[in-house]
Amino acid sequence: MRLLKSLFVFIFSVILFAKNSYAQDSLNIKWENAAKKISEKEYEIKLKGVIRNNWYLYTTKDDVDGLLGMVITYNDSSVAAGPLKINAKYTAIEDPIFDKHKKNIATGDIEIIQTITFTKNVLPVLRFKMNYEVSDKEQFLQEEQKQTITLDKTVVALTPNRILISSIDVKHPVTECGNADTTESKGLATVFWLGFLGGFVALILPCLFPMIPLTVSFFTKKSTSKKAGIRNAFLYGFFIFLIYVLISLPFHFLEKISPEILNNISTNVYLNVFFFAIFVFFAISFFGYFEITLPSGLSSKADSKSGVGNIAGIFFMALTLALVSFSCTGPILGSLLAGSLSGTGGAMRLTFGMGGFGLALALPFALFALFPNWLNSLPKSGGWLNSVKVVLGFVELALAFKFFSNADQVMHWNILKREVFIGLWVIIGAALTLYLFGKIKFPHDSPIKKLSAGRISIGLIVLAFTLYLIPGVTNTKWANLSLISGFPPPLNYSIYKNETTNTTHFKNTDCVLGLNCSHDYEEGLQMACEENKPILLDFTGYACVNCRRMEENVWSQPDVYKLMKEKFIVISLYVDDKKELPAAKQFTYKTKNGIDKDIVTVGDKWATFQTENFAKNAQPMYAILNTNEVLLSHPVEYTKDPKVYLAWLQCGLDAFYKK
């Protein structure tokens with residue numbers, strides 16, 4: 001139970017962190033900074049601050065009351081910092097914030113001096129953050145202010161920090177071919193039906209399936225008339241649908257703060273590792289080794305209000321269902337949450353997915369109330385429900401490794417290479433096959449006297465899929481598993497050293513499929529100018545499923561590949577790359593909306609580059625530019641038809657050579 005609470009607290013903290021990372025600095029203390037060179041690698045840093053009237057600052061660490069004091073942290077590990085020297089006007093008070101414990105507080109003007117030494121080369125730009133606590137005797141706030149000091153203006157002037165390219169006009173490209181909007185609408189429809197399928201799967205699990213006849217009978221028997229019973233059942237279904245849609249609404253608020261926030265959340269390393277652990281935890285629960293429930297008080301409070309009024313009572317009955325069924329719906333909702341946020345459509349994808357999920361749960365209650373005789377056709381509860389739960393446990397275990405793979409790739413850990421990932425899926429598939437044929441049993445399984453036709457059929461399907469996966473662990477031309485493209489790591493993220501020259505592994509592992517590419521815009525632009533070729537901008541991500549599908553199923557097609565290889569310079573920009581930029585290349589960028597954004601990682605730079613120039617944050621997204629950085633056609637997103645994508649490429653190429 002503590003683990004579940006930690007999950008919700010952790011997700012909320014990550015969302016809050018993402019929100020606060022774009023917020024303006026607090027104005028309780030205004031700081032000015034300066035640096036004085038002492039020797040070749042030694043500088044004196046001086047910070048002057050003015051504390052707001054009626055507020056005071058805690059500068060000293062206090063372990064008893066949990067005060068951090070003034071803490072300065074430098075971004076680069078090559079900075080060795082000396083002790084802080086703080087000059088301020090101090091007053092001793094009995095602080096009401098800490099039960100009148102005596103505290104020495106600073107008010108008015110404050111000066112902080114610190115000597116730093118560079119253990120390596122001196123950075124042209126010094127970046128650091130200040131953490132401290134302030135109070136006004138009623139409020140207590142922990143604040144963080146980011147500071148930047150330029151030490152070498154000459155070097156900084158030569159650093160290319162271009163983000164907004166004024167010549168890119170997304171509304172008026174040279175030609176009218178291409179249209180990125182159609183894929184978004186299709187993607188929303190797809191995620192809705194995936195959510196609906198997830199809700200249907202949840203319905204046939206032990207914590208929900210038995211509730212269908214019980215709930216419908218309650219409405220039909222307790223209502224004053226048949227018409228009232230049907231109306232209440234429909235209202236109950238509507239509230240179920242509404243509750244799951246409401247879950248997605250906070251993410252729309254986050255998306256308005258900054259378009260990249262949702263992608264940052266979905267590719268957050270700690271969140272992906274945490275989801276990996278949680279999904280393994282859920283899988284073990286589904287295998288029957290323990291039961292997951294929400295706090296009993298939470299569901300009891302909702303249930304106690306189910307009798308309050310008519311409509312309000314029905315709403316709380318729906319809320320009670322959502323809470324008590326969490327042990328079954330939680331893993332499915334987790335998959336939906338993680339899978340929706342990083343794709344085209346952002347928060348709207350999540351709303352459509354949650355809507356599909358809620359609709360699948362709501363429909364049976366409404367339909368069976370309308371046609372109560374259908375209840376007789378429902379299969380009886382029994383051991384088959386637990387078998388469904390166990391099968392879902394295997395699915396959860398397989399999905400868990402996808403989350404770990406996301407973290408592995410964005411952080412460049414090189415742990416879960418493609419063949420290792422597929423090998424784990426082969427093991428899970430083999431274990432599931434043995435379970436379906438009765439060779440493996442779990443704690444709550446009923447004795448199997450005879451395998452049913454349905455169980456044998458599903459077992460054969462799982463066996464066939466497992467056999468299909470096996471070539472994926474080899475270094476052969478059959479290693480490209482098109483049916484699951486996008487889920488495993490890409491072909492060039494391999495344990496093999498590309499010792500062969502087959503069509504699935506390539507000598508140039510830095511570029512997908514061995515294309516002429518760059519992962520830096522300025523470098524790619526220079527390549528294009530030198531070779532007089534158009535630029536194919538590829539906004540992609542290590543954790544992007546549709547990006548891998550495009551590369552493995554569309555780019556790999558001979559006609560498409562030949563055109564891209566011979567006629568284009570591909571610039572693949574990974575928006576979720578968590579590798580930190582060199583300190584000299586980190587900077588603060590003011591967006592078109594007037595928000596100051598710290599560009600610290602490679603992904604920060606390219607995600608901002610995409611949203612500023614194309615007003616989109618979806619991956620994959622492709623755009624064609626000429627060497628004058630003019631947009632040649634409308635950008636396109638995920639395009640599963642190679643012929644359509646080829647026609648778009650050719651159209652952009654024709655525009656490039658058009659006189």
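Because the structure is a prediction, the values reported are computed rather than measured.
Each salt bridge (charged side-chain N to carboxylate O under 4.0 Å, His left out) pair with one or both residues in residues 561-570, not counting sequence neighbours, would appear here, but there are none.
Evaluation of the salt bridge (charged side-chain N to carboxylate O under 4.0 Å, His left out) rule for Glu523 yields no partner, not counting sequence neighbours.
Across Tyr622, Phe614, Tyr638, Tyr521, a single residue satisfies ring-ring contact (aromatic ring centres under 6.0 Å, His included) together with Phe539, and that is Phe614. When each of Ile535, Ile571, Val570, Ile569 is checked for a side-chain contact (heavy atoms from CB on, under 4.5 Å) with Met527, only Ile569 meets the rule. Evaluated for a ring-ring contact (aromatic ring centres under 6.0 Å, His included) with Phe403, the options Phe279, Tyr270, Phe276, Phe274 yield exactly one hit, Phe279.
In terms of modelled atom types and a separation under 3.5 Å, the side chain of Ser285 and the main chain of Phe281 share no donor-acceptor contact. His519 places no side-chain N or O within donor-acceptor distance of the main-chain N or O of Leu573, the cut-off being under 3.5 Å. Remark: the backbone N or O of Ala615 is not paired with any side-chain donor or acceptor of Thr611 at under 3.5 angstrom. Put simply, the side chain of Glu612 gets close to the backbone of Lys592: a donor and an acceptor are under 3.5 Å apart. Judged purely by atom type and a 3.5 angstrom limit, Asp408 uses its side chain to pair as donor or acceptor with the backbone of Leu416. A donor-acceptor pair under 3.5 Å is formed between the side chain of Asp576 and the backbone N or O of Tyr542. Side-chain N or O atoms of Tyr435 include none that pairs as donor or acceptor with a backbone N or O of Gly459 at under 3.5 Å. For the pair Thr119 (side chain) and Ser78 (backbone), a donor-acceptor distance under 3.5 Å is present. Counting only distance, with no hydrogens or angles, the side chain of Thr433 and the backbone of Gly429 share a donor-acceptor pair below 3.5 Å.
Residues Leu469 and Ile484 form a side-chain contact, since some pair of their non-hydrogen atoms from C-beta on lies under 4.5 Å apart. In this structure the side chain of Ile415 reaches within 4.5 angstrom of the side chain of Phe404, judged on heavy atoms. Looking only at side-chain heavy atoms (C-beta outward), Leu646 and Leu563 come within less than 4.5 Å of each other. Taking 4.5 Å as the limit, some side-chain heavy atom of Phe568 sits within range of a side-chain heavy atom of Ile624. For the pair Glu396 and Val280, the minimum side-chain heavy-atom distance is 4.5 Å or more.
Between Glu552 and Arg418 there is a salt bridge, with a side-chain nitrogen of the basic residue lying less than 4.0 Å from a carboxylate oxygen of the acidic one. At a threshold of 4.0 Å, the pair Glu522-Arg162 counts as salt-bridged, since one of the basic side-chain nitrogens sits closer than that to a carboxylate oxygen. Taking the charged nitrogens against the carboxylate oxygens, Asp604 and Lys597 have no contact shorter than 4.0 Å, which rules out a salt bridge.
Here the CG-CD1 distance, from Leu434 to Ile440, works out to 4.5 Å after rounding to the nearest 0.5 Å. To the nearest 0.5 Å, atom CD1 of residue Ile284 and atom CG of residue Leu397 are 8.0 Å apart. In this structure, CG in Leu537 is found 9.0 Å from CG in Leu631, a value given to the nearest 0.5 Å. Rounding to the nearest 0.5 Å places CE of Met621 at 10.0 Å from CG of Asp538.
Residues Asp598 and Thr588 bring a donor and an acceptor atom of their side chains to less than 3.5 Å of each other.
Listed here is the closest heavy atom pair of Ile428 and Phe394: CG2-O, 3.7 Å. Thr627 and Ala528 get closest at one heavy-atom pair: CG2-O, 3.6 Å. Annotation for Asn613 and Val170: closest pair O-CG1, 3.2 Å, computed over non-hydrogen atoms. Minimum interatomic distance between Ser482 and Tyr468 (heavy atoms only, all atoms of both residues): N-OH, 3.2 Å. Closest of all the heavy-atom pairs between Lys578 and Thr601 is O-CG2, 3.7 Å. Contact detail for Ser167 and Asn628: the closest heavy-atom pair is OG-O, 3.6 Å.
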* **Glu637/Gln619 under side chain to side chain donor-acceptor pair (under 3.5 Å): CA gap, chis, key distance, verdict** => CA-CA 7 Å; Glu637 295 170 10; Gln619 294 82 46; over 6 Å; no
* To do: Could you walk me through whether Thr639 and Trp648 pass the side chain to side chain donor-acceptor pair (under 3.5 Å) test, one step at a time?
  => CA-CA 10 Å; Thr639 310; Trp648 175 77; over 6 Å; no
* To do: Apply side chain to side chain donor-acceptor pair (under 3.5 Å) to the pair Asp577 and His412, showing each step before the final yes or no.
  => CA-CA 9 Å; Asp577 193 338; His412 309 286; 2.9 Å; yes
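Ring pair Trp425/Phe465 is tilted by interplanar angle, where 30° to 60° counts as tilted. Ring planes of Phe587 and Tyr589: perpendicular class, angle over 60° (limits at 30 and 60°). Ring geometry for Phe442 against Phe287 counts as parallel: the plane angle stays under 30°, on a 0 to 90° scale with 60° as the upper cut. Note: Phe192 and Phe352 have perpendicular aromatic rings, judged against thresholds of 30 and 60 degrees for the angle between ring planes.
Both the sub-6.0 Å distance and the 45° axial angle are satisfied by Lys417 relative to the ring of Tyr493.
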